[in-house]
There are 2 protein chains.
Amino acid sequence: MYLRSNITRLLQYRSCLTKFQELGFETIYSYNLGMHIGVSAEQIRKDFSKFNIRGNKKAGYNIEKLITAINKIFNKTSPQNILLIGYGNLGQSLIKYKGFSRSMFYIKAIIDIDPSKHKRKTTVPVFPPEKAPEIIKKNGIKIGIIAVPDIAAQEICNMIVKAGIKGILNFSSLVLKAPEDVQINNINLGNELEAIFYHIQLKKKNI
Amino acid sequence: MYLRSNITRLLQYRSCLTKFQELGFETIYSYNLGMHIGVSAEQIRKDFSKFNIRGNKKAGYNIEKLITAINKIFNKTSPQNILLIGYGNLGQSLIKYKGFSRSMFYIKAIIDIDPSKHKRKTTVPVFPPEKAPEIIKKNGIKIGIIAVPDIAAQEICNMIVKAGIKGILNFSSLVLKAPEDVQINNINLGNELEAIFYHIQLKKKNI
DNA sequence: GTTATTTTGTGAATAATGTAACATGTAATG
DNA sequence: CATTACATGTTACATTATTCACAAAATAAC
């Protein structure tokens, strides 16, 4: 099953809808929403229809209901705790990133191999790797963010998956191996730039 | 045209191939490579075939040739200069990120609105926003990384696009509006986590 | 040098995704 | 209360992507 694109679009819809709501709008048409996101109106109606989100013929969609419906799809009933592995530059900026709490994700603990970084009393405590399984199990953490150097990534992955992690946001450039039932999303900044560059070249050639 | 998935796979292939090469391998079979990346062997052959990369029947693909061929597709003949806009937490960690130079992308200059951050003499100099157009034009910069708060993102986007930027890596949660010929890739960390969470739930229900 | 084996490369079949078209239902109008 | 206008929702169509299946080529074995 191939829902990935669908799902990311839904998230974009929600983010855009929230903005419309803040501006005082109460309803929206598929056409408007499409315009603002760069997606066809039919696409939007199809997406909504697929998830059984219904609008009002002639009157469009009620924004609040839409947002509620999308939230329900993502099942955000309770806040989700996250484990961050790697407290280097990237890890530190992730801790300061405000977008996570906006979507009810909280980094509950940090794992790092460097003893000088270990601190138990800070807002987000930092522990050594060997503590990870215990933390995961005790807090029922299901999602981990891997922000360690490539060389350590697979080993960390194995460890946290064994301890019960079911979803990983992987910032290393490795393609991690894990059982089928573990969802891994990769963010590879270098590759993103390469892809952008490639597309620029393509467009230059008018293909 | 819908090459996005193709392209990201090629990049994954390259990254994996490099690792095999470092391990001393000289040739590889589509089957092996597929195993390591989680892609079918046919898919890999199709991808290569599409870009006219040929292997050797029975003897597989020569790794070095493969890497060269992929590099050629991405046309990395000369290093590419990048403009980073926003020198907050994320911006600072991007500067320290080593993966860019590995793929020949160099952050040439940084733009930030905070005067206390402006420095002309550092390795990567920091300038105020109004300097952006000049820097872009003088250095022929084609790619920008937007790492500013949402509120400023669209305005910055307009400015750099007007100055000649053709590709944007957007870390804000806004869906930026720009002309068709500007390639925008979005990285939305909150959405990534949401998507992971969604897939975990799906898998739990065995769908 | 012939045969067996293995792996590529690709056309055909299938699946997934996106687009277009239009019937349906709802609100507004007079 | 009938009519009109308009946006949804769905069916049919078109495009794109993936898998399957197998011929062709290259190596290895005998």
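All values derive from a computational prediction rather than experimental measurement.
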Worksheet item: Base, backbone or nothing for each nucleotide of nucleotides 20-30 of chain C, written B, S, -, heavy atoms under 4.0 angstrom, 5' to 3'?
Response: BB--BBBB---
Worksheet item: What integer distance in Å separates B:N6:CG from D:dT15:C1'?
Response: 15 Å
Practice prompt. May I have the distance from A:I7 (atom CD1) to C:dT17 (atom P), rounded to whole angstrom?
Written response: 11 Å
Response to the item:
In whole angstroms, the gap separating P of D:dT8 from NZ of A:K50 amounts to 19 Å
Worksheet, complete the sentence: The answer to which of A:Q43 and B:A41 contacts DNA chain C further toward the 5' end, by nearest nucleotide, is B:A41
Worksheet item: Taking atom CG of B:N6 and atom OH of A:Y198, what is their separation to the nearest 0.5 Å?
Response: 8.0 Å
Fill in: Test log, rule side chain to side chain donor-acceptor pair (under 3.5 Å), inputs A:Y13 and A:D47
CA-CA 10 Å; A:Y13 299 161; A:D47 284 341; 2.6 Å; yes
Practice prompt. Measure the CD1-CG distance between B:I73 and B:N52 for me, rounded to the nearest 0.5 Å.
Written response: 9.5 Å
Worksheet item: Is the B:F20-B:F25 ring centre distance short of 6.0 angstrom?
Response: yes
Worksheet item: What's the CG-C1' distance between A:N52 and D:dT10, to the nearest Å?
Response: 13 Å
Worksheet item: What is the distance from CD1 of B:I37 to P of D:dT18, rounded to the nearest Å?
Response: 14 Å
Worksheet item: Looking just at side-chain N and O atoms, do A:N186 and A:N170 make a donor-acceptor pair shorter than 3.5 Å?
Response: yes
Fill in: Gap between atoms CG and C1', on A:L33 and D:dT8 respectively (whole Å)
14 Å
Worksheet item: Quick one, which residues of residues 13-31 of chain A touch DNA chain C with a heavy atom under 4.0 Å?
Response: none
Discussion item. Would you say A:N188 and A:E192 are linked by a side-chain donor-acceptor pair, where the criterion is simply a distance under 3.5 Å?
Written reply: no
Discussion item. Could you check whether B:N62 and B:T27, counting side-chain N and O atoms only, form a donor-acceptor pair closer than 3.5 Å?
Written reply: no
Item to complete: Verify the ring-centre separation between A:F74 and B:F197: is it less than 6.0 angstrom?
Response: no
Discussion item. Apply salt bridge (charged side-chain N to carboxylate O under 4.0 Å, His left out) to residues B:E134 and B:K131 and explain how you reach the verdict.
Written reply: CA-CA 6 Å; B:E134 185 191 325; B:K131 280 271 180 191; 3.6 Å; yes
Worksheet item: What is the distance, rounded to the nearest whole Å, between atom CG of A:D47 and atom C1' of C:dT17?
Response: 10 Å
Fill in: Length of the line joining A:I53:CD1 and D:dT10:P, which is rounded to integer Å
13 Å
Practice prompt. Name the nucleic acid region contacted by B:Y61, choosing base, sugar-phosphate or nothing; use a 4.0 angstrom heavy-atom cut-off, strictly under.
Written response: sugar-phosphate
